[in-house]
Amino acid sequence: MTASPRPRLIATDLDGTLLCPGGTVSPRTAAALAAAEAAGVQVVFVTGRPPRWMRHLGPHIGGHGVAICSNGGAVVDVRRGELLETSPLGRADTLTAVERLRAQLPGTAFAFEFPDGFAREPEYTVFHGESDNDHPVGPAAELLASGRVDGLFKLLGKHPDLSPDEFLDRARTAVGPIAEVTRSSPIPLVEISAPGVTKASSLARWCAQHGIDATEVIAFGDMPNDLEMLAWAGRSYAVANAHPLVLASVTRHTVSNDQDGVAAVIETLL
C-alpha cells in the first residue's frame with residue numbers, strides 16, 4: 001500500500017472489520033490505533049453493537065472516549081459508561097413495524113435496545129450466558145404498552161428460516177419509510193432504527209460538532225449497515241471479508257479483519 005494523505009478522523013466498524021473473529025483487538029491493531037491518536041488523528045468506533053457491549057473496548061477508544069453505537073441510535077462515552085445521546089423510535093412506529101413484519105414475515109421474533117438495557121420476546125434466542133433474569137421477556141406488544149422499553153433506539157427482528165439477505169430485502173419492503181432497516185449479522189437478523197438514523201447520520205453530526213468535514217474522514221466497514229457511512233466519508237475501505245455488496249460499492253479494499261486490515265491502512269497514513 002502506498003502512503004495517503006493523513007485524515008483528521010478514522011471511523012471504523014468493529015465486528016468483522018476492526019476486531020479479530022473472536023471479538024478482540026489484536027496487538028497490531030491496538031498499536032495502530034494508539035499511534036493514530038498520538039499523531040492527532042481521532043478514532044471513532046461506529047458500530048451496530050449496543051452500548052452494553054462496549055465496556056471492554058474502553059482502552060482502545062481514544063482520548064474522547066466516545067463511540068457511536070446501535071447503528072447511530074446511541075452515542076456513548078464508553079469509559080464513563082454514560083449515554084450521551086439517543087435517537088429513539090416512536091412507540092407507534094415501532095408497533096407498526098412489528099405488526100407489518102409479523103404479518104408479512106411470519107415467525108419473526110423481536111428484541112429491543114433502550115437506555116436501560118435490553119428486552120425480548122420468548123422466541124428471540126440470546127447468546128449463551130445471558131439469563132432471562134437479566135432482562136424483561138414478553139410479547140412485543142405487551143412490552144411496548146408497558147413502557148418498559150421506552151426510549152428504544154433499536155428494534156431487532158430475527159427469522160428462523162429465511163436467508164439473511166432475503167430477510168433484509170423483504171423486511172425493508174414490509175416496514176417501508178417509517179424506519180431504517182439494515183443488517184450486520186451473518187444470521188437472518190435485521191436491525192431497525194428511527195427514520196434517517198444511520199451510522200452516517202450520527203457520524204456526520206458528531207464530526208460537525210467537532211469541525212471535521214467528510215473529506216477529512218476515512219472509514220472502514222464490512223456489512224450493509226456500513227454502506228451509508230462508507231459513502232459519506234471522504235475515503236472508505238472495505239475489508240476483504242466484507243459482504244459482496246460492500247465490496248462492490250467501495251473502490252478501496254484492504255485485507256481481512258483477521259489479517260488486521262484496518263491497521264494495515266492506518267500504518268500507511270502515519
According to a 4.5 Å side-chain heavy-atom criterion applied to Ile, Leu, Val, Met, Phe, Trp and Tyr, with indirect links allowed, do [X] and [Y] form part of one hydrophobic cluster?
{"X": "Val44", "Y": "Leu84", "value": "yes"}
{"X": "Ile178", "Y": "Leu168", "value": "yes"}
{"X": "Val75", "Y": "Met54", "value": "no"}
{"X": "Ile218", "Y": "Phe45", "value": "yes"}
{"X": "Leu33", "Y": "Tyr237", "value": "yes"}

Backbone N or O of [Y] within a donor-acceptor pair of the [X] side chain at under 3.5 Å?
{"X": "Ser185", "Y": "Ile187", "value": "yes"}
{"X": "Arg102", "Y": "Thr108", "value": "yes"}
{"X": "Arg172", "Y": "Val181", "value": "yes"}
{"X": "Lys154", "Y": "Gly48", "value": "yes"}
{"X": "His159", "Y": "Asp161", "value": "yes"}
{"X": "Asp226", "Y": "Met223", "value": "yes"}
{"X": "Arg55", "Y": "Leu57", "value": "no"}
{"X": "Glu121", "Y": "Ala109", "value": "no"}
{"X": "Ser201", "Y": "Gly196", "value": "yes"}
{"X": "His64", "Y": "Asp77", "value": "no"}

What pairs with Pro21 under side-chain contact (heavy atoms from CB on, under 4.5 Å), at least two apart in sequence or on another chain?
Asn257, Asp258
Measure across [X] and [Y] and return the closest heavy-atom pair with its distance rounded to 0.1 Å.
{"X": "Pro160", "Y": "Gly107", "value": "CD-O, 3.4 Å"}
{"X": "Cys207", "Y": "Val217", "value": "SG-CG2, 4.0 Å"}
{"X": "Val41", "Y": "Pro7", "value": "CG2-O, 3.4 Å"}
{"X": "Phe167", "Y": "Gly157", "value": "CE2-O, 3.3 Å"}
{"X": "Cys69", "Y": "Pro50", "value": "CB-C, 4.2 Å"}
{"X": "Asn241", "Y": "Gly16", "value": "ND2-O, 2.9 Å"}

Is any side-chain heavy atom of [X] closer than 4.5 Å to a side-chain heavy atom of [Y]?
{"X": "Ile10", "Y": "Val265", "answer": "no"}
{"X": "Leu155", "Y": "Val98", "answer": "yes"}
{"X": "Leu18", "Y": "Asp13", "answer": "no"}
{"X": "Leu156", "Y": "Leu189", "answer": "yes"}
{"X": "Thr47", "Y": "Ile68", "answer": "no"}
{"X": "Leu152", "Y": "Thr94", "answer": "yes"}
{"X": "Arg183", "Y": "Pro164", "answer": "yes"}
{"X": "Pro51", "Y": "Ser70", "answer": "yes"}

Trace of the side chain to side chain donor-acceptor pair (under 3.5 Å) decision for Ser184 with Glu191
CA-CA 8 Å; Ser184 63; Glu191 304 162 49; 2.5 Å; yes
Going through the distances and angles, do Thr29 and Asp260 end up as a side chain to side chain donor-acceptor pair (under 3.5 Å)?
CA-CA 6 Å; Thr29 294; Asp260 299 310; 3.0 Å; yes
Below 4.0 angstrom, N of the basic side chain to O of the carboxylate: do [X] and [Y] qualify?
{"X": "Glu267", "Y": "Arg28", "answer": "yes"}
{"X": "Arg148", "Y": "Asp116", "answer": "no"}
{"X": "Arg8", "Y": "Glu216", "answer": "yes"}

Measure the [atom1]-[atom2] distance between [X] and [Y] for me, rounded to the nearest 0.5 Å.
{"X": "Gln42", "Y": "Ile61", "atom1": "CD", "atom2": "CD1", "answer": "11.5 Å"}
{"X": "Thr182", "Y": "Leu227", "atom1": "OG1", "atom2": "CG", "answer": "7.0 Å"}
{"X": "Asp93", "Y": "Arg100", "atom1": "CG", "atom2": "CZ", "answer": "8.5 Å"}
{"X": "Met229", "Y": "Ser202", "atom1": "CE", "atom2": "OG", "answer": "11.5 Å"}
{"X": "Phe153", "Y": "Ile192", "atom1": "CZ", "atom2": "CD1", "answer": "15.0 Å"}

Applying side-chain contact (heavy atoms from CB on, under 4.5 Å) to Glu99 and Leu95, what does each step give before you reach the verdict?
CA-CA 6 Å; Glu99 290 173 344; Leu95 183 57; 3.7 Å; yes
Between Asp165 and Ser163, does any side-chain donor sit less than 3.5 Å from a side-chain acceptor?
no
So, applying side chain to side chain contact (heavy atoms under 4.5 Å, CB included) with Asp222, which one of Leu14, Val246, Leu230, Thr17 is it?
Thr17
Is there a side-chain contact (heavy atoms from CB on, under 4.5 Å) between Leu101 and Arg170? Walk through the geometry before answering.
CA-CA 9 Å; Leu101 287 167; Arg170 293 179 62 182; over 6 Å; no
Just do the side-chain contact (heavy atoms from CB on, under 4.5 Å) check on Leu105 and Leu162 with the steps written out, would you?
CA-CA 9 Å; Leu105 297 168; Leu162 296 175; 3.8 Å; yes
Assess the residue pair Leu143 and Phe110 against the criterion (side-chain contact (heavy atoms from CB on, under 4.5 Å)); give the C-alpha distance rounded to whole Å, side-chain angles, the decisive distance to 0.1 Å, and a yes or no.
CA-CA 11 Å; Leu143 289 169; Phe110 298 94; over 6 Å; no
Test salt bridge (charged side-chain N to carboxylate O under 4.0 Å, His left out) applied to Glu180 and Lys199, step by step:
CA-CA 11 Å; Glu180 300 289 337; Lys199 288 187 175 188; over 6 Å; no
Taking the inter-plane angle between the rings of Phe118 and His135 on a 0 to 90° scale, is it parallel (under 30°), tilted (30 to 60°) or perpendicular (over 60°)?
perpendicular
